[in-house]
Each structure stands twice: as structure tokens, then as C-alpha cells.
Chemist: 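Structure below; questions to follow.
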Amino acid sequence: MSYPPRGPGEVLRAPNPVEVSFEFFPPKTAEMEARLWETVERLAPLAPRFVSVTYGAGGTTRERTHATVARIRRETKLEPAAHLTCVGATREEIDAVARHYWEAGIRHIVALRGDPPADAGRYTPHPGGYAFAADLVAGLKRVADFELTVAAYPETHPEAASPAADLDNLRRKVDAGAIRAITQFFFDPAVFFRFRDRVRAAGITVPLVPGILPVTNFAQVCKFAAACGASVPDWLGVQFEGLDRDPETRRLVAATVAAEQVRALQAGGVREFHFYTLNRADLSFAICHILGVRPPAPAAGGGGTP
């Protein structure tokens with residue numbers, strides 16, 4: 001593992017305040033919805049900066065994404081952010097969705113190019129749609145004064161012509177109005193630090209927030225990584241060897257790996273973290289505790305039995 005050096009017990013608590021955000025995906029069934037709301041209720045006391053809700057490939061979860069975001073807005077004190085993509089819709093249709101969000105009190109959108117449906121092959125812009133994320137950001141800014149977050153790729157987007165071209169794309173998104181970039185997940189903190197240096201050297205100054213994916217299922221993570229161009233270090237596979245039928249030990253190992261990652265990032269000056277929760281609270285809650293992000297202490301009681 002390639003981490004910045006630190007002493008024993010260093011940065012167990014943040015020297016400066018740490019901010020976190022969480023990502024959820026819209027549930028497909030009543031059982032999944034119940035689990036999502038258990039997760040929301042568990043993480044809400046950590047006072048995240050915002051919580052985002054994903055948008056399926058090809059816009060397949062549009063209605064469920066909207067319903068989930070709207071419910072968070074109505075029933076909690078959390079600040080919801082809706083994912084919105086360019087895929088499978090005209091500009092007019094996307095603008096209408098954005099206006100619907102604004103009317104529902106949603107002020108934050110995570111603007112992404114998006115992935116095509118699994119059977120569609122390589123991404124092709126919709127003939128009447130926004131071609132790429134930078135175009136979407138500019139279009140959303142014309143609809144309303146949204147807070148706009150975009151994606152960044154520490155190991156380069158798999159379809160980018162080069163790392164330099166990928167950075168140019170990030171700059172275009174920022175120039176169009178994005179105020180924050182959340183990274184694709186990664187596992188070696190050195191990957192993030194090298195990317196951060198390149199981003200700053202390119203004159204891009206918006207907050208760069210590392211996306212953290214706690215590993216609950218190693219095989220699933222390998223599939224995710226293959227699809228998005230993220231590398232899976234050999235040492236990570238070694239940590240999960242022989243644990244396919246041992247979920248309890250797997251969770252303990254996952255917590256340890258993620259804790260080492262966030263502590264190294266924190267030691268390197270990172271003060272914002274975005275967690276891909278996969279609609280589970282336990283690991284994200286534990287990692288936040290290590291970062292010093294904790295629910296407020298209960299008020300002192302008024303005494304014992306009279």
C-alpha cells in the first residue's frame with residue numbers, strides 16, 4: 001500500500017472539520033426501499049453536506065430517482081442531490097426534468113454524461129440531446145441556478161483519448177458552471193494525490209472530493225472497476241482471499257481497508273469525502289466515526305429517580 005507516512009494513532013480525529021456526503025441508488029422493491037430508508041435514518045445524524053441519488057443507465061430509473069429525491073426533501077432535513085444524465089433524452093426532456101426538480105425544491109444536481117444501456121455498446125449522444133456532461137451543465141444553468149457537481153476520473157475515463165484530454169473535459173465542465181467534482185472510486189491514496197496535483201497544475205481549483213467505495217463484495221467491486229477504468233491493486237485481492245463464505249470477517253477486513261484509505265487521505269489534507277454506500281450504512285458510518293464525523297452527543301439527563 002502506498003500511503004503518506006504517519007505516526008501511530010495519527011489523524012484518528014480530523015485536525016480541521018471534515019465534511020461528508022453519501023450516495024444512494026433508487027430502490028426497485030418494497031424490501032429494498034425499507035433498507036434504503038433504514039440507511040438514510042442511520043446516516044442522517046452525521047449531518048452530511050448532501051446525499052445524492054443515482055440515475056440508471058439510459059435513464060432507466062428516472063421516476064424512481066425523482067421519487068426518492070423528493071421523499072428525502074419532504075421527510076428529512078438532508079439536502080438531496082439528484083443525478084441527471086445526457087443519455088436517452090432530448091434537451092427539452094432533460095430541461096423539463098430539471099424544472100420539475102427545481103419546483104420540488106431540489107437545488108443540487110449531479111450532472112453526468114451517463115452510461116448507455118448494457119446492450120447499446122459504446123456511448124452515442126442522443127441526436128436531440130446534450131452531447132456530453134459539459135453541455136448538460138451549461139444547459140442546467142440556463143434552466144435554473146442549480147448547484148452542480150460533476151465527475152472526475154483519477155485513473156482517466158476509459159473512453160478518454162488521453163489523460164490530458166480527460167483533464168480538458170473536466171475543465172470544460174467547471175467552465176460551464178460546475179462547482180465541485182467527485183472522483184470515481186479508487187483504492188490507492190497515491191492515485192488521488194497524483195491526480196489532485198495534475199488537476200491543480202491545470203488551473204482547476206474547484207473542490208475535488210474523493211469517492212470512497214467500501215468493499216462489501218470483492219468480485220462485484222472488480223466488475224465495477226472493469227467498467228469504469230479503476231484499478232484494483234493486487235494487495236486488495238489478497239486481503240479478501242478465502243472470505244467468500246465468511247461475511248463477518250469480510251466486513252471487518254473491508255472496514256480496516258477503508259479506514260486506512262481515508263486516514264491516509266486525511267493525512268494528505270483531504271477534508272471532504274463522498275461515500276458510495278450501496279444503500280448500506282454500517283461501513284460508511286464506521287469510517288465516518290474514524291474521520292471524527294459523529295452524531296451530536298445526547299443532551300445531559302436531568303437526574304435520577306426523585
Chemist: Do C86 and Y123 have side chains that get closer than 4.5 Å, going by heavy atoms?
Modeler: yes
Chemist: Are R113 and E159 ion-paired here, with the side-chain N under 4.0 Å from a carboxylate O?
Modeler: yes
Chemist: For T76 and V40, which heavy atoms make the closest approach, and how far apart are they?
Modeler: CG2-CG1, 4.3 Å
Chemist: Of all heavy-atom pairs between F193 and A264, which one has the smallest distance, and what is that distance?
Modeler: CZ-O, 3.5 Å
Chemist: Determine the sole option in E272, E19, R271 for which the side chain to side chain contact (heavy atoms under 4.5 Å, CB included) test with V209 is passed.
Modeler: E272
Chemist: Given 3.5 Å as the limit, does a donor-acceptor pair link the side chain of R294 with the main chain of H289, or not?
Modeler: yes
Chemist: Look only at the side chain of S21 and the backbone of V51, and say whether a donor-acceptor pair between them is shorter than 3.5 Å.
Modeler: no
Chemist: Under the salt bridge (charged side-chain N to carboxylate O under 4.0 Å, His left out) rule, what do R91 and D95 come out as? Steps first, then yes or no, please.
Modeler: CA-CA 6 Å; R91 293 182 185 87; D95 290 354; over 6 Å; no
Chemist: Using every non-hydrogen atom in the two residues, find where P27 and T68 come nearest and quote the distance to one decimal.
Modeler: CD-OG1, 3.6 Å
Chemist: Grab the two heavy atoms, one from T65 and one from V53, that are nearest each other, plus how far apart they are.
Modeler: CG2-O, 3.8 Å
Chemist: Is the backbone of N279 close enough, under 3.5 Å, to the side chain of T39 for a donor and an acceptor to pair up by distance?
Modeler: yes
Chemist: Could you walk me through whether H108 and T149 pass the side-chain hydrogen bond (donor to acceptor under 3.5 Å, both in side chains) check?
Modeler: CA-CA 8 Å; H108 186 174; T149 293; 2.8 Å; yes
Chemist: For a quick check under 3.5 Å, do N169 and Y153 share a side-chain donor-acceptor pair by atom type?
Modeler: no
Chemist: May I ask you to say whether K141 pairs ionically with D145, meaning some side-chain N is under 4.0 Å from a carboxylate O?
Modeler: yes
Chemist: For the side chain of D166 and the backbone of H157, is there at least one donor-acceptor N/O pair under 3.5 Å apart?
Modeler: yes
Chemist: Show which residues join F25 in its hydrophobic cluster (side-chain heavy-atom contacts under 4.5 Å, direct or indirect), or state none.
Modeler: M32
Chemist: Which value, rounded to the nearest 0.5 Å, describes the distance between E31 atom CD and T29 atom OG1?
Modeler: 5.5 Å
Chemist: Quick check: is L112 connected to L148 through a chain of hydrophobic side chains (ILVMFWY, heavy atoms under 4.5 Å apart)?
Modeler: no
Chemist: Between E41 (side chain only) and L36 (backbone N and O only), is there a donor and an acceptor less than 3.5 Å apart?
Modeler: no
Chemist: Indicate the atoms forming the closest heavy-atom contact of R196 with G268, along with that distance.
Modeler: NH2-O, 3.0 Å
Chemist: Regarding H83 and S52, do their side chains bring together a donor and an acceptor under 3.5 Å, going by distance alone?
Modeler: yes
Chemist: Could you check whether R250 makes a cation-pi contact with F240, meaning its NZ or CZ is under 6.0 Å from the centre of the six-membered ring and within 45° of the ring axis?
Modeler: no
Chemist: With a 3.5 Å distance limit and no angle check, can you tell me whether R42 reaches the backbone of A281 through a side-chain donor-acceptor pair?
Modeler: no
Chemist: Let me check something: do L208 and V137 share a hydrophobic cluster, defined by ILVMFWY side-chain heavy atoms less than 4.5 Å apart, either directly or through other members?
Modeler: yes
Chemist: Would you mind checking if E33 and K28 are paired as a salt bridge, meaning a charged N to carboxylate O distance below 4.0 Å?
Modeler: no
Chemist: Sub-3.5 Å donor-acceptor pair from the side chain of E93 to the main-chain atoms of T90, do we have one?
Modeler: yes
Chemist: Between E147 and R107, is there a salt bridge with N-O shorter than 4.0 Å?
Modeler: no
Chemist: Check A254 against L283 and note the closest heavy-atom contact, atom names and distance.
Modeler: CB-CD1, 3.8 Å
Chemist: Are more than 12 heavy atoms from other residues, nucleotides or ligands located less than 6.0 Å from atom CZ of R73?
Modeler: yes
Chemist: Without swapping roles, check the side chain of K173 against the backbone of F132 for a donor-acceptor pair under 3.5 Å.
Modeler: no
Chemist: Look up atom CZ in F195 and atom CD in Q184, then write down how far apart they are to the nearest 0.5 Å.
Modeler: 11.0 Å
Chemist: More than 12 non-hydrogen atoms from neighbouring residues, nucleotides or ligands closer than 6.0 Å to CG on D197, yes or no?
Modeler: yes
Chemist: Is it true that E248 and R251 make a salt bridge, defined as a side-chain N closer than 4.0 Å to a carboxylate O?
Modeler: yes
Chemist: Would you say V270 and V199 are hydrophobically clustered, going by side-chain heavy atoms of ILVMFWY under 4.5 Å?
Modeler: yes
